[in-house]
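Note that the structure is a prediction, hence the values are computed from the model and not measured. Naming convention: chains lettered A, B, ... in sequence-line order (proteins, then strands); numbering from 1 in each chain.
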Amino acid sequence: MSYHFNEIEKKWQNYWADKQTFKAENNRDKPKYYVLDMFPYPSGAGLHVGHPLGYIASDIYARYKRHKGFNVLHPQGYDSFGLPAEQYAIQTGQHPAITTETNIKTYRRQLDQIGFSFDWSREVRTSNPEYYKWTQWIFIQLFESYYCKDSNRARPISELITDFETEGNAQINAACDDDVTYFTAEDWSGYASEEQQDILLKYRLTYLAETEVNWCPALGTVLANDEIVNGVSERGGHPVIRKKMTQWSMRISAYAERLLHGIDYNVEDLDWTDSLKDIQRNWIGKSVGASVTFNVNMTSDMLKHVQHDISERHSELVSESHPYKIEVFTTRPDTIYGVSFMTLAPEHELVSKITTEAQKADVDAYIEATAKRSERDRMADVKTISGVFTGAYAEHPFTKELIPIWIGDYVLAGYGTGAVMSVPCGDQRDYDFAKHFDIPIPNIFEGVDISEEAYASKDNVKLANSDFLNGMNYKKATKRAIYELEQLGQGEGKTNYRLRDAVFSRQRYWGEPFPVYYVNDKPQMIDEKHLPIVLPEVEKYLPTEEGEPPLGRADVWAWDTTTHSVVSNELIDNEHVFPLELNTMPGWAGSSWYFFRYMEDAMRDEVFASKEALDYWESVDLYIGGSEHATGHLLYSRFWVKFLKDRGFVNVEEPFKKLINQGMILGTSAFVYREDGTNRYISSGLIQDKNVIPIHVKVKYVNASDELDIDGLKSDSEFGDDYSDAEFILENGVYKVGREVEKMSKSKYNVVNPDAICEQYGADSLRLYEMFLGPLEQYKPWNTAGITGVHGFLKKLWKLYVDDNGLKVSDTEPSKDSLKTLHKTIKKVEEDIENFSFNTSVSTFMIAVNELMAQKCNSKAILEPLLILISPYAPHIAEELWNRLGHDDSISTVSFPKFEEKHLVESSKNYPISFNGKMRFTLELPLDMSKDEIEKTVMAHEKTIAQLDGREPKKVIVVPGKIVNIVG
RNA sequence: GCUCAAGUGGCGGAAUUGGUAGACGCGCUGGAUUCAAAAUCCAGUUUCUUCGGAAGUGUGGGUUCGAUUCCCACCUUGAGUACCA
């Protein structure tokens, strides 16, 4: 009876589905373990062999944990909102919900055939209204919250209102927009409702603001920073420009410090790789320093502006004595005596006010030129130094000397205050700028040569020419400088973060609608009891002629505040019926909390997840997915979880305890070489110096020896007659293709579909081979030819249990050797799984089976536990053989075999005998032999004498049980 | 530029606290079986070699009785970031 994998696999997949073998029950007496995959976006192309890599790894771990007695939650679902379905809808008119549904069906079929132990009863789809009802609900909670810096957590906005009513905002220490102004309790109660709403918006954790956004004209939407790669959109590679738009934003910056703190100190709940933590740390970009205020020296030109500014209420830039102030952020307040000029971003609001008449033309020309340069140009060209003098001077806070104020595009408007104090001796950019424009470069470092370049290091430096800072090092001087600035009222210690608030609006159709309507342009939340607000129908998925998002085309998209329902736009009267928000939420909205949704199995309509479920499952114990989500999904999820915790909706600080990034499986492309200008294809070994053009061919026409199936290629209908008349120049009777490792993609014809693999070799072979390829985290090329190795192994495994007469396993006593094989396998496999080293356990299985075969082992006492070891990796064959061994229940929850050291105890050791560290021969010696005896025996050995060739050894190192090394 | 990974046979990779480098598999070579092929099985497969051996884990140094493993410098590849003050 041979190994009929197709039958076996179908049989057990049906069995698992029928018996709901992998359904996780909440509140069981077993300890819990939550294994999660990053859920897929169901694309039209279906899965290729690279996709299941992480799923197989997590599945092995989930199955292993079940054997270890855990109640395992291992769910799966779909991140089903997204751009591709919408782009397809734009092209074809097909509703994205329909394509999404079709694609999900394909995904599900492909996933099922690989034999994953998912609990599908808890499936999540982000595009389902019953799911996004809760995404909308979380949005409302964010809107109704602010971040209190005193208690370091989010609190209900109602508490802030109470504070405003009793004491105004002067004492409030909360995360808010930069432009809030001070008001008293009396002021507050005097404000009109709309004014109050505007002020509150500046504190809410999600807020509407006019922001400069990354607009992608080709996609017709804004993109978040992490959705842009090298200045173009991540999806599609379209250009991105800066544009001012009114957008919903998430005040993630309020959580910058806590997000960072978790990375550095919460090792328990954030067992992530250092490289991933580094990426997040860099992205948050904390810098500690000081804010310093420079007073602008007033000229008569400026005083004209001042009159105007003072009439505007709340202008912070203006005071009686020094009408204009420039605030800068610096990480080196210790170098304040090295300031020889200041630089403002060209966009800085003071520029127009302080520029003198004489410089006005130059400055305007420069601003115009900078504005024209795209973000990409500015990025590409960082070497050109440019800038213009404004004609104005600032006053040094200590020396009161006049410092020229320049503008330059190396200063970014979006970071810090958009202005810097330039210290050319201590900063290379300032140095280059000063050299270029012939600005003095005062040296404030004792004994440091700055004639060639700036001295930017904080170490080994003592300050000079710096008055009260003279002789101090970086640390001391920084402290002192901040103290002195505080005394003057011209500065304070400050921490800056590179992390920007996240834009949350997308001008797209296929996303979550906001539960928001507008009264006099002020956003109002729809009461949570009326959720979900379901995506309306539109006749086209494009922006409107007026440039509004696709929801602007919906006819029924207005909110009736009396009936609490979505009604026709015709009914809008701005008294009871109001327009609804036209933007939709970004892709990361639904994926920032889905891991909680899986926890709930019964009352999904009542809550986003019940308290019981949240208490039991807590957070994800093991999360596997791609590292490309480092600054997107993984950061936003942490943010939302912290927020939900602050507001008491969940009780964990971090969502993903252990995180592993699986590497990408790359394709091995195959090339034929056409001689230029001919229809002749030359085998790769014969090219020499001929002028050839490499052309991708489908990898399915190439065998393990890189030989091309010419007939197959010629008859491929996709290429029509391209190859039918072609002449192939062979070497040794075959056409050899060239090979190259590239990312898998349709256009490179190197995509390998798991369906074909499952059909030809089976799911167990696919699972084993994906693991066998190499370490999980590593990028590695796929080569289908190699799968015969693991497939052959499964056949051998089968033959160990079954022959032509049926089952050949007996109750005979196992041999000592077989016990040793089994137990060293148990030990190794258990260690491997705990370390996520799945590739090495596949080798271990091969070694075990090879040994047991050689031992002619047919003992049940060995072969039964062996099946349990293998079952997480190759569950179908394990179930089948387990069943044939006479078990009625699934192997999936049987206890993992216990390792016993006693079977591995040896009495002798094959010692490597090395000379000067190089092993020359081995010698079998008893393990209880003493050091001296070993030395004596080895030195007397004929090979030792031959090796030494008469020389006297200087030293003999004997490490009992390990090695003998003879020096000399 | 800065930050972080990683460089081992023809290929994927193994070597868990410094102790026999190349496990396991692919491919290749030879053989058995077969009318033949597939499948299966057996033997070999880092390089050089005067067949005694010798060299060898990106390069060059260092520590050590002993280094793929630790330290320093450099080279290459990949990832992240992009004037962050």
Taking only side-chain N and O atoms of A/Lys955, does any of them lie within less than 4.0 angstrom of OP1 or OP2 on B/C65? yes
Under the ring pair (Phe, Tyr, Trp, His ring centres under 6.0 Å) test, residues paired with A/Tyr497 that sit two or more places apart: none
For A/Lys286 and A/Val288, which heavy atoms make the closest approach, and how far apart are they? CE-CG2, 3.9 Å
With both distances under 3.5 Å as the test, what is the Watson-Crick or G-U wobble partner of B/A79? B/U3
What is the distance from CZ of A/Arg281 to P of B/U3, rounded to the nearest Å? 14 Å
Decide yes or no for A/His348 and A/Val411: does some side-chain heavy atom of the first lie under 4.5 Å from some side-chain heavy atom of the second? no
Identified pairing partner of B/U68, criterion: Watson-Crick or G-U wobble below 3.5 Å: none
Taking only side-chain nitrogens and oxygens of A/Arg498, does any of them come within less than 4.0 Å of OP1 or OP2 of B/A82? yes
Is A/Trp782 close to A/Asn750 at the side-chain level, that is, under 4.5 Å between some pair of heavy atoms? no
With rounding to whole Å, what would you report as the distance between B/U64 and B/G18 at their C1' atoms? 9 Å
Please work out whether B/G52 sits syn or anti, treating a glycosidic angle within 90° of 0 as syn. syn
How close do A/Lys796 and A/Val849 get, heavy atom to heavy atom, and via which atoms? CB-CG1, 3.9 Å
Complementary nucleotide for B/A85 - Watson-Crick or wobble, under 3.5 Å: none
Tell me, do A/Phe433 and A/Phe341 make a side-chain contact under 4.5 Å, heavy atoms counted? yes
Looking at A/Gln778, I'd like to know whether one of its side-chain N or O atoms comes within less than 4.0 Å of OP1 or OP2 on B/G13. yes
For B/G27 and B/C11, measure between their C1' atoms and round to the nearest Å. 7 Å
Between B/U3 and B/G12, how many Å separate the two C1' atoms, rounded to a whole number? 29 Å
Strictly by Watson-Crick or wobble contacts shorter than 3.5 Å, is anything paired with B/U40, and which nucleotide is it? B/A32
Quickly work out the A/Arg332 CZ to B/C84 P distance and round it to whole Å. 14 Å
What I'd like to find out is whether the side chain of A/Val842 reaches to under 4.5 Å of the side chain of A/Tyr769, using heavy atoms alone. no
Let's see if you can work this out: which of B/C83, B/G12, B/C65 has an atom nearest to the side-chain heavy atoms of A/Arg429? B/C83
Could you measure between the two C1' atoms, the one in B/G80 and the one in B/A15, and give it in whole Å? 30 Å
Is any side-chain heavy atom of A/Met664 less than 4.5 Å from a side-chain heavy atom of A/Lys743? yes
Base-pairing mate for B/U16 - Watson-Crick or G-U, with both contacts under 3.5 Å: none
Output the rounded distance in Å from CZ (A/Arg739) to P (B/C11). 14 Å
Glycosidic torsion of B/G7 (syn if within 90° of 0, anti otherwise) classifies it as anti
A/Thr417 and A/Glu327 side chains, donor-acceptor separation under 3.5 Å: no
B/A39 P sits how many Å from A/Lys799 NZ, rounded? 13 Å
Heavy-atom contacts under 4.0 Å between residues 820-836 of chain A and RNA chain B, which residues? A/Lys828, A/Glu831
Tell me whether the rings of A/Tyr415 and A/Phe329 are parallel (<30°), tilted (30 to 60°) or perpendicular (>60°). perpendicular
May I ask you to verify if any side-chain N or O of A/Tyr415 is less than 4.0 angstrom from the OP1 or OP2 atom of B/A85? yes
Distance check needed: B/U3 C1' versus A/Leu276 CG, whole Å only. 14 Å
Re B/C11: Watson-Crick or G-U wobble partner, both distances kept under 3.5 Å, found to be B/G25
Pairwise P distance, B/U63 and B/U16 [rounded to whole Å]: 25 Å
Integer-rounded Å distance: B/A85 P and A/Met421 CE: 12 Å
Within this structure, what is the OH-to-C1' distance between A/Tyr497 and B/A85, rounded to whole angstrom? 17 Å
Specify whether A/His633 and A/His629 have parallel, tilted or perpendicular ring planes, treating 30° as the upper limit for parallel and 60° as the lower limit for perpendicular. perpendicular
Ring geometry between A/His941 and A/Phe921 (parallel below 30°, tilted from 30 to 60°, perpendicular above 60°): parallel
Tell me the interatomic distance from A/Ile665, atom CD1, to B/G78, atom P, rounded to whole angstroms. 20 Å
Check whether any side-chain N or O of A/Ser287 sits under 4.0 Å from OP1 or OP2 of B/A85, and answer yes or no. yes
Should the pair A/His791 and A/Tyr761 be assigned to parallel (<30°), tilted (30 to 60°) or perpendicular (>60°) ring geometry? perpendicular
Expressed in whole Å, how much space separates the P atoms belonging to B/A73 and B/U69? 16 Å
Closest nucleotide among B/A39, B/G13, B/C83 to the A/Pro775 side chain: B/G13
Any strand: nucleotide that pairs with B/A73 via Watson-Crick or wobble, under 3.5 Å: B/U59
Distance between the C1' atoms of B/G9 and B/G44, in whole angstroms? 15 Å
Phosphate oxygens OP1/OP2 of B/A54: is one of them under 4.0 Å from a side-chain N or O of A/Arg920? yes
Compare the minimum distances between each of B/U40, B/G12, B/C84 and the side chain of A/Lys780, then state the nucleotide with the smallest one. B/G12
Give me, pair by pair, the N or O atoms of the protein and of nucleotides 19-26 of chain B that are less than 3.5 Å apart, along with how far apart they are.
residue	atom	partner	partner atom	Å
B/G25	OP1	A/Asn850	ND2	3.4

Which whole number of Å gives the distance between the C1' atom of B/C74 and that of B/C84? 30 Å
Compare the minimum distances between each of B/C4, B/C65, B/C83 and the side chain of A/Tyr410, then state the nucleotide with the smallest one. B/C83
